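Contents: one structure, followed by commentary.
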Protein chains: 2
Amino acid sequence: MSRMHNPAHPGEVLREWIPEGMTVSQAAGQLGVSRVTLSKILNGKSGITADMALRLAAWLNTSAEVWADMQTQWEIWQAEQNPRPVIRPLKLAA
Amino acid sequence: MSRMHNPAHPGEVLREWIPEGMTVSQAAGQLGVSRVTLSKILNGKSGITADMALRLAAWLNTSAEVWADMQTQWEIWQAEQNPRPVIRPLKLAA
DNA sequence: GCCAATTGCAAATCGTTAATTTACACGCTA
DNA sequence: TAGCGTGTAAATTAACGATTTGCAATTGGC
């Protein structure tokens, strides 16, 4: 069903992957996005798009899915917080 | 890295979950969305949002992640088709 | 053949979000 | 003090998703 706890925003996790000395501006430069764009992600003001997931994958040598899936978890959790109409489970034919 | 083949659009998969006799209109009704909205998804004209993933989960008794992840795979594949600037892999400190 | 149901789709509208550039204020430090 | 790095706001532009309305094509029953 649902994850009981608020999953970490991908931006928080991404922060841990940025080397000590590197500035946000430098990281943004290497990723080919504006400083504002990366800053917003790191501070949870923006999500990670498929395009960004691919950039992170190339930059950090990870899979794009890791980042995209993290974003998905976040979005589902957010969506769960909102009310939704009652949906009757479909009776599947046996 | 990348999935070699164009992943199935979530809508195609969703089609298989709708019972034989049930109409798109009926399914949309049970999901609490408009007929147009569901039709677009089934025909690959729209993606599956986190909210829709939750509706499908409730309706089909599956996890929301199944649908959301399917959507993610689709989006990543789509994004891969577009050109992206060269991104030099970050040399991680050992 | 005729009619109603179903469906795909287009168009218009509305709301949300990502990304950019520009700009400003704050904090740190050489 | 001057400069750098940063967070963030504002204004723009571009995508999407969702809705309603309406229309055309198909299909099945009578």
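So you know, we letter chains A, B, ... as the sequences are listed, proteins then strands, and number each from 1. Keep in mind that the numbers below use all heavy atoms, side chains included, and drop hydrogens, waters and symmetry copies. Because the structure is a prediction, the values reported are computed rather than measured.
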To the nearest Å, give me how far apart [atom1] ([X]) and [atom2] ([N]) are.
X	N	atom1	atom2	answer
Gln71(B)	dA15(D)	CD	P	18 Å
His9(B)	dC16(D)	NE2	C1'	12 Å
Lys40(A)	dT8(D)	NZ	P	10 Å
Gln26(A)	dC4(D)	CD	C1'	11 Å
Leu38(A)	dT6(D)	CG	P	9 Å
Met52(A)	dA15(D)	CE	P	17 Å
Asn82(B)	dA14(D)	CG	P	17 Å
Ile48(A)	dT17(C)	CD1	P	16 Å

Review point. Between dT7(C), dG7(D), dG5(D), which nucleotide gets closest to the side-chain atoms of Ser25(A)?
Key: dG5(D)
Point to revise | Out of dT7(C), dT20(C), dA19(C), whichever nucleotide has its closest atom nearest the side chain of Ile41(A) | key: dA19(C)
Should [X] be listed as having a side-chain N or O under 4.0 Å from OP1 or OP2 of [N]?
X	N	result
Arg55(A)	dA19(C)	no
Lys45(A)	dT8(D)	yes
Ser34(B)	dA18(D)	no
Ser39(B)	dG8(C)	yes
Thr37(B)	dG17(D)	no

Considering non-hydrogen atoms only, spot the tightest contact between [X] and [Y] and give its length.
X	Y	value
Glu80(A)	Leu54(B)	N-CD1, 3.6 Å
Gly11(A)	Leu42(A)	O-CD2, 3.6 Å
Trp59(B)	Ala27(B)	CH2-CB, 3.7 Å

Revision key, fill the gap. 5'-most contact on DNA chain C (nearest-nucleotide basis), Thr23(B) vs Thr49(A), goes to Thr23(B)
Exercise for review: Have a look at Val36(A) and say if it touches a base, only the backbone sugar-phosphate, or nothing, with a 4.0 Å heavy-atom cut-off.
Suggested key: base
Study note, to complete from the structure: In Ile41(B), Asp69(B), Val13(B), the residue satisfying side-chain contact (heavy atoms from CB on, under 4.5 Å) with Ile48(B) is Ile41(B)
Check your understanding: Pick the nucleotide of DNA chain D nearest each of Met22(A) and Gly47(B); which residue has the one closer to the 5' end?
Key -> Met22(A)
Point to revise | Rounded distance [0.5 Å steps], CD in Gln26(B) versus CD in Gln30(B) | key: 7.0 Å
